[in-house]
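Note sheet for the following structure.
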Amino acid sequence: MHRLISAEYINEVKERNDITDVISGYVSLKRSGRISKGLCPFHSEKTPSFTVYGDTASYYCFGCQSAGDVITFISKMENLDYVESIKFLANRAGMPMPEEGKNDGLAHMRMRIKEQNREAGRFFYHSLYSPEGRQALEYFRSRGLSDETIRHFGLGWSPDGWDKLVSHLSGLGYRREEIFAADLGYSSRKGGMIDRFRNRVMFPIIDVQGNVVAFGGRRFVEGDSGGKYVNTSDTLIYKKTNHLFAMNIAKNNKSRELILCEGYMDVIALHQAGFSNAVAALGTAVTPQQARLLHKYADRVVLSQDGDEAGQKSIARSIPIMKAEGLDVRVLAITGAKDPDEFISQYGPERFKRLLERCSNDIEYSILRIGNKYDIATDDGRLHYLREVCDYLSGLGTLEREVYAGRIADRLHIEKSAVLSQAESSARRRAKMEKEKEFREMANNSAGIGSKVNPERSANLRGSAAEYALLNMLFSHQDFIKKASDQLPPGQFVTDFGRRVYSKFIEISDSGQEVTISLLSREFSESEISEIVRIINTGEQRGTDDFDRLIDVIRTEHSALKPRDAAKLSSDELLEQMNRLRKKKL
């Protein structure tokens with residue numbers, strides 16, 4: 001536990017921040033009995049698998065196994081450390097924080113990284129306008145950028161030397177470990193410090209609060225060593241999957257529409273041409289976190305990627321992620337140029353504006369892309385096109401399927417009913433495959449096959465089932481933990497993972513505290529916490545009537561220790577064995 005924040009204070013923060021209320025501010029939840037479900041905010045999915053359990057104040061995603069409590073959720077969503085997440089929730093509940101020391105560990109380091117990045121941004125900008133930076137400045141001007149645009153985006157140049165920036169930062173009082181934590185420098189073979197960025201034009205990445213959180217450095221001299229781009233790695237204040245270049249500016253746009261570009265220069269060229277709603281993902285395809293950030297400031301997103309195969313693949317990957325977030329997705333088709341920067345340079349802003357007005361929706365784009373793969377003038381091409389496009393239609397809603405089936409039928413000069421019949425057949429085939437996949441996953445999960453957290457589980461289904469059932473019961477009835485520890489030493493648990501969790505239950509209870517996800521998360525890894533949350537929330541909710549029998553089963557299985565390797569069983573056999581255990585009320 002953090003030395004300045006008591007368990008009592010953390011529990012009060014959690015009590016005043018109902019987990020369902022907090023998460024519903026980020027995820028659209030639907031109530032279903034004692035739980036609420038929605039699309040997971042941490043990975044892309046079409047069917048809701050993200051589950052919030054109000055009675056245990058926890059959440060679990062059956063798709064990506066993300067799990068935790070309200071503090072864990074805020075930490076992931078807002079990219080905050082543990083203490084900052086508590087502060088966030090305390091502020092939400094109107095609670096004053098306990099008195100803090102001046103040097104607050106990770107929070108202090110985060111502050112120092114932000115300060116360094118701000119200083120580094122100034123250093124790069126002034127270096128660009130120094131005599132040594134003339135060639136870099138000429139590069140920006142050759143790309144059509146004005147001094148006003150360069151200043152507006154804080155563009156710069158990293159000097160051609162080994163330690164220009166790290167020496168500057170050291171002179172300002174930043175320590176070696178702080179410079180490394182910001183990823184502005186790294187250690188040489190001889191133990192000295194070397195600049196991360198050398199002889200590159202620099203693009204600062206600024207979050208929506210106005211903090212410089214990272215940098216992208218681009219090679220501008222042909223023949224220079226190193227890759228085309230060097231980017232800041234993930235740090236305490238930066239994770240590239242959570243940020244978008246220029247969102248700090250584009251967020252002020254009132255149109256509720258954003259243009260998502262591929263690179264820095266595309267965004268900057270669009271802003272200079274008057275399109276101040278342009279942003280760029282810091283990678284190839286958009287992430288679920290970036291999609292949420294987009295939706296915070298826009299209802300419609302226009303995808304403007306390069307016309308090459310990599311750009312088209314990026315669009316194809318990005319569409320379902322943004323659709324899952326509820327965004328209206330449009331796709332810009334650029335002809336006569338490879339990207340927005342080149343198009344505006346050749347044809348001007350007005351032509352680009354007309355392109356925006358004519359962009360297609362995501363369904364039209366996907367159908368067109370499928371069509372471009374085949375020569376429908378031939379019977380073979382028509383047949384392959386029909387099969388693939390009908391497979392795509394099978395994933396659409398009924399109304400959309402009707403509309404686009406008609407268009408496809410007209411193009412192929414066939415009956416609309418034939419297209420719909422093929423699409424419905426594909427939909428049935430897809431549903432069957434998904435059901436079989438779900439069946440296999442359920443069987444494997446039930447037996448713990450492939451589990452890295454508890455690999456011993458599959459070797460003794462009965463013993464591990466009893467362990468999990470006991471832990472489930474003890475979390476809900478914590479007054480039984482002392483009774484359990486008196487009758488069943490941790491050493492009699494069948495699996496090492498179950499033994500460690502049980503031991504921690506006892507340790508926390510003996511200290512006079514309530515066993516909570518928050519306390520457990522300080523002791524177990526993220527994947528282990530995910531398994532613990534699954535244990536306490538899924539399966540049959542155990543009452544205290546099962547207590548004595550579960551203790552006996554664990555003792556018996558520990559004494560026998562003649563496991564059958566469940567990995568050798570088929571899915572049907574696994575389910576049959578798990579059903580037998582359930583009938584015995586394990």
Side-chain angles (χ1 to χ4, degrees), residues 117 120-121 124-125 127-128 133 135-158 183 196-208 210-222 224 226-233 238-251 253 258-287 290 293-294 301-308 310-311 314 318 332 334 337-345 352:
N117 283 341
F124 294 143
Y125 178 78
S127 296
L128 178 67
Q135 191 178 5
L137 183 58
E138 287 177 355
Y139 168 80
F140 279 135
R141 287 175 175 166
S142 72
R143 299 293 298 266
L145 303 188
S146 66
D147 286 341
E148 182 182 355
T149 297
I150 291 171
R151 180 188 56 78
H152 189 55
F153 283 90
L155 306 181
W157 170 66
S158 52
D183 197 35
R196 172 67 62 194
F197 303 98
R198 301 187 299 278
N199 197 29
R200 292 176 177 271
V201 288
M202 300 299 296
F203 301 87
I205 299 162
I206 303 172
D207 66 16
V208 291
N211 302 301
V212 180
V213 293
F215 293 93
R218 187 190 193 282
R219 186 184 64 208
F220 67 98
V221 177
E222 290 301 324
D224 271 12
K228 184 176 181 180
Y229 283 97
V230 171
N231 303 300
T232 300
S233 301
Y238 174 70
K239 192 173 183 180
K240 71 176 183 178
T241 55
N242 295 348
H243 295 271
L244 292 161
F245 178 69
M247 183 57 93
N248 60 306
I249 303 171
K251 70 174 185 176
N253 158 64
L258 291 169
I259 305 169
L260 183 64
C261 302
E262 188 167 319
Y264 305 125
M265 288 303 301
D266 291 329
V267 171
I268 295 169
L270 284 174
H271 278 251
Q272 184 168 270
F275 302 93
S276 60
N277 59 335
V279 297
L282 300 163
T284 50
V286 71
T287 66
Q290 289 168 333
L293 183 57
L294 287 164
V301 174
V302 178
L303 287 171
S304 176
Q305 304 287 299
D306 290 357
D308 58 16
S314 176
S318 298
L332 186 69
I334 298 176
K338 66 180 180 66
D339 54 37
D341 181 19
E342 187 177 286
F343 187 93
I344 289 174
S345 177
F352 189 80

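Each residue takes its place number in the sequence, starting with 1.
Taking the side-chain hydrogen bond (donor to acceptor under 3.5 Å, both in side chains) definition, one finds that Thr241 meets it with nothing, sequence neighbours left out. Partners of Glu262 according to the side chain to side chain contact (heavy atoms under 4.5 Å, CB included) rule, which considers only residues two or more places apart in sequence or in another chain, are Asp266, Gln305, Asp306. When the ring pair (Phe, Tyr, Trp, His ring centres under 6.0 Å) test is applied to Phe153, the partners found at least two apart in sequence or on another chain are His271. Listed by chain and residue number, nothing satisfies the salt bridge (charged side-chain N to carboxylate O under 4.0 Å, His left out) test with Glu342 (two or more places apart in sequence, or in another chain). Judged as a side chain to side chain contact (heavy atoms under 4.5 Å, CB included), and not counting sequence neighbours, the contacts of Asp183 are Arg196, Thr232, Ser233, Thr235. Annotation: side chain to side chain contact (heavy atoms under 4.5 Å, CB included) contacts of Asn248 (sequence neighbours excluded): Ile206. Legend: residues meeting side chain to side chain contact (heavy atoms under 4.5 Å, CB included) with Arg151, ordered by chain and number and at least two apart, are Tyr125, Glu148. For Asn199, the side-chain hydrogen bond (donor to acceptor under 3.5 Å, both in side chains) test picks out Trp157, Asp224, with sequence neighbours left out. Not counting sequence neighbours, Ser345 has no partner by the side-chain hydrogen bond (donor to acceptor under 3.5 Å, both in side chains) test.
Considering all non-hydrogen atoms of both residues, Val267 and Ala278 come closest at CG1-O, 3.4 Å. Taking all atoms of both residues into account, the shortest heavy-atom contact from Leu293 to Leu244 is CD2-CD1, 3.9 Å. Here the closest non-hydrogen pair linking Phe352 and Leu270 is CE2-CD2, 3.3 Å. Considering every non-hydrogen atom in both Ser304 and Ile259, the closest pair reads CB-CG2, 3.9 Å. Of all heavy-atom pairs between Asn117 and Ala214, the closest is ND2-N, 4.1 Å.
Listed for the Ser318 side chain is a donor-acceptor partner under 3.5 Å among the backbone atoms of Val286. Within the 3.5 Å criterion, the main-chain N or O of Ala280 finds no donor-acceptor partner in the side chain of Gln290.
Relative ring orientation between Phe203 and Tyr264 is described as parallel, the plane-to-plane angle staying below 30° on a 0-90° scale split at 30° and 60°.
Rounding to the nearest 0.5 Å places NE2 of His152 at 14.5 Å from CG of Asp147. The line from CG of Leu137 to CD1 of Ile150 is 5.5 Å long, rounded to the nearest 0.5 Å. The OG1 atom of Thr287 sits 10.0 Å away from the NE2 atom of His243 when rounded to the nearest 0.5 Å.
Counting only heavy atoms from C-beta outward, the side chains of Ile334 and Asp339 never approach each other to under 4.5 Å. Taking 4.5 Å as the limit, every side-chain heavy atom of Val201 sits out of range of all side-chain heavy atoms of Leu155. Residues Val230 and Arg198 are not in side-chain contact: their nearest non-hydrogen atoms beyond the backbone lie 4.5 Å or more apart. Contact of the Lys240 side chain with the Ile205 side chain is not registered, since no non-hydrogen atoms from C-beta on lie closer than 4.5 Å. Residues Arg218 and Arg200 have side chains not in contact (no heavy-atom distance under 4.5 Å, counting atoms from C-beta outward). Side-chain atoms of Leu282 and Asn231, non-hydrogen and from C-beta on, never get closer than 4.5 Å to each other. A heavy-atom distance below 4.5 Å is not found between the side chains of Val302 and Phe275.
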Side chain to side chain contact (heavy atoms under 4.5 Å, CB included) evaluation trace for Met247 with Leu294: CA-CA 9 Å; Met247 183 57 93; Leu294 287 164; 4.1 Å; yes
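The number of heavy-atom neighbours closer than 6.0 Å to CD of Gln135, taken from other residues, nucleotides and ligands shown, is 12 or below. Around atom NZ of Lys239, no more than 12 heavy atoms belonging to other residues, nucleotides or ligands sit under 6.0 Å away.
Among Phe124, Tyr229, Phe245, the single residue meeting the ring pair (Phe, Tyr, Trp, His ring centres under 6.0 Å) criterion with Phe215 is Phe124.
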